[in-house]
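Only one structure is covered here, and it is reproduced in the block below.
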Protein chains: 2
Amino acid sequence: MTSPAVSSRDLPHPTREEIRLEGVLHALSDPMRLQIVRELAAVGDELSCSHFDLPVTKSTTTHHFRVLRESGVIQQVYRGTAKMNGLRKDDLDGLFPGLLDRLLDAAARQAVRLGGA
Amino acid sequence: MTSPAVSSRDLPHPTREEIRLEGVLHALSDPMRLQIVRELAAVGDELSCSHFDLPVTKSTTTHHFRVLRESGVIQQVYRGTAKMNGLRKDDLDGLFPGLLDRLLDAAARQAVRLGGA
DNA sequence: CGACTCGTACGATAGGCATCGTAGTACGGG
DNA sequence: CCCGTACTACGATGCCTATCGTACGAGTCG
């Protein structure tokens with residue numbers, strides 16, 4: 001097959017209607033999670049958890065991805081041993097038009113401002 | 001005097017450069033605080049703390065206003081016995097162009113969607 | 001099968017935070 | 001000067017959460 005077949009293990013996601021702005025903001029208020037979302041947005045594709053080199057243990061990484069999934073920011077699916085993560089851009093844009101782009105822009109501006117680069 | 005004179009009591013505010021996106025998002029991830037900001041934006045002027053009729057005690061209200069001030073979302077100044085609260089729209093727009101408006105729009109859409117009204 | 005990789009589950013811990021109640025301070029008006 | 005109003009300060013409480021370590025499960029490859 002071209003696609004490695006999705007594992008039977010499935011993960012609970014909120015429906016679009018269940019996504020709450022407060023939850024999204026809370027999820028993004030953590031620097032680690034904001035960084036994850038920025039990388040996902042920059043790549044514009046799904047990324048495995050192990051792609052991210054975060055300064056925390058794997059346990060903590062799992063925790064952050066779960067928060068992002070349960071708040072509706074990302075969707076996750078197993079593909080073999082890898083767990084692929086993708087931004088739920090369509091759902092977020094549908095609920096909160098333009099918000100995601102402004103948030104990403106704001107994060108990028110701040111990174112430039114603080115990083116000095 | 002035309003203006004009731006600002007009290008000598010002054011409150012610590014972050015400078016524009018000290019405002020952090022994560023802090024702003026965290027401040028707005030609380031329903032109570034998001035509501036306060038929505039009202040401030042709707043009025044477009046300063047409001048006293050006592051103007052807000054929140055379903056919590058005054059102690060808790062004080063706490064929420066402090067979080068909003070320390071994150072840089074609002075500015076506070078004493079005027080007589082009243083403490084006036086104003087959105088730091090210029091600072092936020094300067095740092096994160098368009099973000100505040102999108103957030104307010106997102107909050108309004110969600111209120112319509114959930115409130116049914 | 002066996003080993004290896006990826007990610008999870010669970011328990012522990014430490015800190016943060018939303019909330020309350022009570023007691024207290026600052027200011028303005030009678 | 002005294003009182004009422006507006007807000008604060010402080011302590012307590014219970015919940016949430018970011019973090020870790022270790023042990024485990026699921027899948028792939030030799």
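Every chain is numbered from 1 and lettered A, B, ... according to where its sequence line falls, protein lines coming before strand lines.
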Which of residues 42-58 of chain A have a heavy atom under 4.0 Å from DNA chain D?
A:V56, A:T57
Check whether the side chain of A:T62 and the base of C:dA9 form a donor-acceptor pair under 3.5 Å.
no
Could you list the residues that satisfy side-chain contact (heavy atoms from CB on, under 4.5 Å) with B:H64, not counting sequence neighbours?
B:D30, B:M32, B:R33, B:I36, B:T60
Expected list for residues 21-38 of chain A near DNA chain D, using heavy atoms below 4.0 Å, is A:H26, A:D30, A:M32, A:R33
Please report the closest heavy-atom contact between A:I19 and A:S71, naming both atoms and the distance.
CG2-O, 3.7 Å
For residues 85-102 of chain A, which residue pairs pass the salt bridge (charged side-chain N to carboxylate O under 4.0 Å, His left out) check, not counting sequence neighbours?
A:R16-A:D91, A:R88-A:D91, A:K89-A:D93, A:K89-A:D101
Option passing side-chain contact (heavy atoms from CB on, under 4.5 Å) with B:L99 (candidates B:V24, B:L104, B:L21):
B:L21
Applying salt bridge (charged side-chain N to carboxylate O under 4.0 Å, His left out) as the test, list every pair that has at least one member in residues 41-58 of chain A; sequence neighbours left out.
A:E46-A:R79
A:M84 CE - D:dG27 C1' separation (whole Å)
15 Å
Per atom distances to the B:A82 side chain, the nearest of C:dA26, C:dT5, D:dC7 is D:dC7
What pairs with A:A42 under side-chain contact (heavy atoms from CB on, under 4.5 Å), at least two apart in sequence or on another chain?
none
Name all pairs fulfilling the ring-ring contact (aromatic ring centres under 6.0 Å, His included) condition that reach into residues 88-115 of chain A, sequence neighbours left out, sorted by first residue then second.
none
Whole-Å distance separating the OH atom of B:Y78 from the C1' atom of C:dA26:
8 Å
Quick one: side-chain contact (heavy atoms from CB on, under 4.5 Å) partners of B:E39, sequence neighbours excluded?
B:Q35, B:H51, B:F52
In numerical order, the residues of residues 64-74 of chain A whose heavy atoms come under 4.0 Å of DNA chain C are A:R66
Examine D:dC20: is either OP1 or OP2 under 4.0 Å from a nitrogen or oxygen in the side chain of A:T60? Give yes or no.
yes
Taking donor-acceptor contacts at under 3.5 Å, does the side chain of B:S59 reach the base of C:dG21?
yes
Taking side-chain hydrogen bond (donor to acceptor under 3.5 Å, both in side chains) as the test, write out the residues that go with A:S59, two or more places apart.
none
Using side-chain contact (heavy atoms from CB on, under 4.5 Å) as the criterion, list what pairs up with A:A108, not counting sequence neighbours.
A:R38
Please enumerate all residues that pass salt bridge (Lys or Arg N to Asp or Glu O under 4.0 Å) together with A:R20, with sequence neighbours excluded.
none
